[in-house]
Amino acid sequence: MSHVNATVAEEEYLQTIFWLKEAGLPMTAANVARAMQLSAPTVHEMIGRLERDGYVTRTEDKHLHFTEQGLDHAHGIVRRHRLIERFLTDVLGIPWDEVHEEAERLEHAMSPVLEERMLAAIGDAKTCPHGHPIEAGNRIDGVPLADVAEGASIQVLRFENEAEDLLHYLKDSGLEPGLRGEVVAGSDDQVSVRIDGAEVTVTRSVAETVAVLADPSPPTRTALPEQLVLARDRYGR
Ligand SMILES: [Zn+2]
Ligand SMILES: [Zn+2]
């Protein structure tokens, strides 16, 4: 583990690239720029740095690939991020729509000892409060809620985009990872789910970012990067 050498900025990029990989989106500078809401030259320069420092390589077709060191490092940051979020909700009692930015700040400054203590403190929890596996690789495939047909039963798996303004919206709507319900008639620009007799409605673009298990299930597909950029500031991982 050489993460002591990576800068906070490098870690933010590694996290974003990992996030693209996990979501099945092409790992390209263009998608990184879109995800982080940064200009192409800024991203180009930083990716050059990640390449020089041995975290990523670039192929002819402009795709990014992690080196072993890069993947290791990215894994570590993502794990710490999700662990911190779970700790903040379950141990400190902070609402789940208020922990992402805190985790963004804390994840870069955490010692292995603290990480071990936090892991012990969260007990059996296997995901962050938004449904992302703390040990990346244990991700369950889902489908976007937006694709699910009326009448299908669903279980909310995770919120793919963790931008805090989006999380506030989801929290207000009443959707939460783990909840089960049934898709009811929606309109062109909204999707409604009946959960415990109450109807929960979100916009169709937000429903694109909610991964669910559905029965019957629509075919799986990769999220559309354009539709995932709903945050005021940037893509929340
Ligand atoms: Zn987060
Ligand atoms: Zn999370």
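Every number for a ligand or one of its atoms is a count from 1 in the order of the listing.
The distance from the Zn ion (ligand 1) to the nearest N/O/S atom of His81 is under 2.8 Å. For His100, every N, O or S atom stays at 2.8 Å or more from the Zn ion (ligand 2).
Per residue Glu162, closest N, O or S atom to the Zn ion (ligand 2): atom name OE2. The minimum distance between the Zn ion (ligand 2) and any N, O or S atom of His130 involves atom ND1. Residue Glu85 approaches the Zn ion (ligand 2) most closely through its N/O/S atom OE1.
Side-chain polar atoms of His132 and His81 form no donor-acceptor pair below 3.5 angstrom.
The CD atom of Glu176 lies 9.0 Å from the CD1 atom of Ile195; values are rounded to the nearest 0.5 Å. For the atom pair NE2 (His100) and CG (Leu88), the distance works out to 12.0 Å, reported to the nearest 0.5 Å.
When atom types are taken as modelled, the side chain of Glu164 and the backbone of Glu101 share a donor-acceptor pair closer than 3.5 angstrom. His130 places a side-chain N or O within 3.5 Å of a backbone atom of Trp96 that can act as its donor or acceptor partner.
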